[in-house]
There are 2 protein chains.
Amino acid sequence: MTGDAMDTILAQWARERPDLDCAPMGVIGRISQLQREVFLAQRATFARHDLDAPSFDVLAALRRAGAPYQLTPTALMRTALVTSGAITQRLDRLEERGLITRGRSESDGRAVVVTLTDAGRAALDAALPDHLETEHGMLTGLTAAEQAQLADLLRRFLVSLGRTPPEA
Amino acid sequence: MTGDAMDTILAQWARERPDLDCAPMGVIGRISQLQREVFLAQRATFARHDLDAPSFDVLAALRRAGAPYQLTPTALMRTALVTSGAITQRLDRLEERGLITRGRSESDGRAVVVTLTDAGRAALDAALPDHLETEHGMLTGLTAAEQAQLADLLRRFLVSLGRTPPEA
DNA sequence: CACCACTACCTCAGCGGTGAGCTACCCCGG
DNA sequence: CCGGGGTAGCTCACCGCTGAGGTAGTGGTG
């Protein structure tokens, strides 16, 4: 019977507050813990490519968008789920390193067009396989069926929270 | 066919980099997204009780430990998974508000003993049911069977990462 | 019993994010 | 064609955490 840290916590609550049903923690607490493991593993991977998670996040969004690899800060803000101030900061760092460029939009005087440079695309394409290998490696403890089942349950969970994607 | 944000991202990668197997993102990306939803929901709950997540985390650890509700900063550091500096800061805030007290250990001159005050215990016991209700509410979109299955898969995942609890 | 590797806790500079607020610009209605 | 609500992006003060480093105390060893 190998338990995890959450089993310990649940046992403590069962002893101290037997009147409360702490079962939800079994799901939610574990998600928080796993996210931390994911974060640490990814950070180590990104560091090998002179990147950090926020930078990778932006570069990947631009790369995913396809040629000509352009998005506005607002679009980046929506996919990254951070505030506009955070995106400004990220773009400052990436522009400084020559991985992206900022230009004003021709059709909308307020908008900025962020473009992935060749160097930026090269940096992302170099890091991406390693990143995927890291994620793949983390999942090797689960069977393919378990992985699929887990992905499915997590999607159901997200959808049930009303987090539908922002229209194609 | 309701998809989530991750389905959109996976479709983009499939178009731009059909040579790569991005399936692992289906699990890991969703965990990150869910953690963010959890964080936001919990923050709103804690705010209703004049608390924030780091404070609740410490108070809950002390409460869980059982009477006399005492732990060292090192023990708190291990359960909270943050650095010692972060714990020092958290304890400063909680001590300021009279929710915990700090005293020196009698048996070990280096150690500090953190004790939950009556006010601290009252604050936690007031927030805890609301906190559980929030978590319960987030999960209502999944059936009881799905919740159990999800908790089980997440535990397997954590255990497979070698994150066994730090010995009773 | 003096030494020393180890542990507990605190300090502090730096980092990335938030949230409020600003300016510039868009565009609809009167 | 002008006014005004809405949007895009940036600025800035603040916040919590990290990671490196410092001090004090512990306990085994020769």
Side-chain angles (χ1 to χ4, degrees), chain A residues 32-33 35-37 39-44 46-47 50-59 61-62 70-97 100-115 166, chain B residues 32-33 35-44 46-47 50-59 61 70-97 100-115 166:
Chain A
S32 296
Q33 287 182 18
Q35 202 280 331
R36 189 171 185 283
E37 296 298 322
F39 169 78
L40 292 175
Q42 290 183 347
R43 186 175 58 167
F46 295 144
D50 274 306
L51 289 173
D52 48 31
S55 296
F56 181 90
D57 202 30
V58 169
L59 297 180
L62 289 165
Q70 294 183 330
L71 289 173
T72 64
T74 298
L76 289 166
M77 184 178 105
R78 288 198 227 282
T79 79
L81 299 177
V82 293
T83 60
S84 63
I87 292 294
T88 297
Q89 224 177 320
R90 291 182 183 190
L91 294 177
D92 287 346
R93 292 195 289 270
L94 289 168
E95 192 175 28
E96 175 89 18
R97 297 183 54 190
I100 59 127
T101 58
R102 266 195 274 217
R104 297 223 74 95
S105 163
E106 293 179 8
S107 58
D108 186 337
R110 298 164 299 179
V112 166
V113 176
V114 178
T115 308
Chain B
S32 296
Q33 288 183 17
Q35 201 281 329
R36 189 172 186 282
E37 296 298 323
V38 166
F39 170 78
L40 292 175
Q42 288 183 348
R43 185 175 57 166
F46 294 145
D50 273 306
L51 290 173
D52 48 30
S55 295
F56 181 89
D57 203 29
V58 169
L59 297 180
Q70 293 184 332
L71 288 173
T72 64
T74 297
L76 288 167
M77 184 179 104
R78 287 197 227 283
T79 79
L81 300 176
V82 293
T83 59
S84 63
I87 292 294
T88 297
Q89 225 176 320
R90 293 182 181 190
L91 295 178
D92 286 346
R93 293 194 288 270
L94 289 168
E95 191 175 28
E96 175 89 17
R97 297 183 53 191
I100 59 126
T101 58
R102 266 194 274 218
R104 296 222 76 94
S105 163
E106 292 180 8
S107 57
D108 186 336
R110 298 165 298 179
V112 166
V113 176
V114 178
T115 306

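Chain letters run A, B, ... following the sequence lines, proteins first and then strands; every chain starts at 1.
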Enquirer: Between D:dA8 atom P and A:Arg78 atom CZ, what is the distance in whole Å?
Expert: 6 Å

Enquirer: Which residues pass the side-chain hydrogen bond (donor to acceptor under 3.5 Å, both in side chains) test with A:Thr115, not counting sequence neighbours?
Expert: A:Gln70

Enquirer: Quick test of your reading of the model: are B:Asp57 and B:Arg90 salt-bridged, counting only N-O distances below 4.0 Å?
Expert: yes

Enquirer: In whole Å, what is the span from the CD atom of A:Gln70 to the P atom of D:dA8?
Expert: 17 Å

Enquirer: How would you summarise protein contacts on nucleotides 14-28 of chain D per nucleotide, using B for base, S for sugar-phosphate only and - for none, with heavy-atom distances below 4.0 Å?
Expert: --BBBS-----BS--

Enquirer: With sequence neighbours excluded, tell me which residues meet side-chain hydrogen bond (donor to acceptor under 3.5 Å, both in side chains) with A:Asp52.
Expert: A:Ser55

Enquirer: With sequence neighbours left out, which residue pairs that include part of residues 79-89 of chain A fulfil the salt bridge (charged side-chain N to carboxylate O under 4.0 Å, His left out) condition?
Expert: none

Enquirer: Using atom CG of B:Leu91 as one end and atom P of C:dA8 as the other, report the distance to the nearest whole Å.
Expert: 15 Å

Enquirer: Restricting to salt bridge (Lys or Arg N to Asp or Glu O under 4.0 Å), what partner residues turn up for B:Arg102, sequence neighbours left out?
Expert: B:Asp92, B:Glu95

Enquirer: Round to the nearest Å and state the distance from A:Phe46 atom CZ to C:dC15 atom P.
Expert: 20 Å

Enquirer: Mind checking if A:Thr72 touches a base, just sugar-phosphate, or nothing, with heavy atoms under 4.0 Å?
Expert: sugar-phosphate

Enquirer: Can you name the side-chain hydrogen bond (donor to acceptor under 3.5 Å, both in side chains) partners of B:Thr101, sequence neighbours left out?
Expert: none

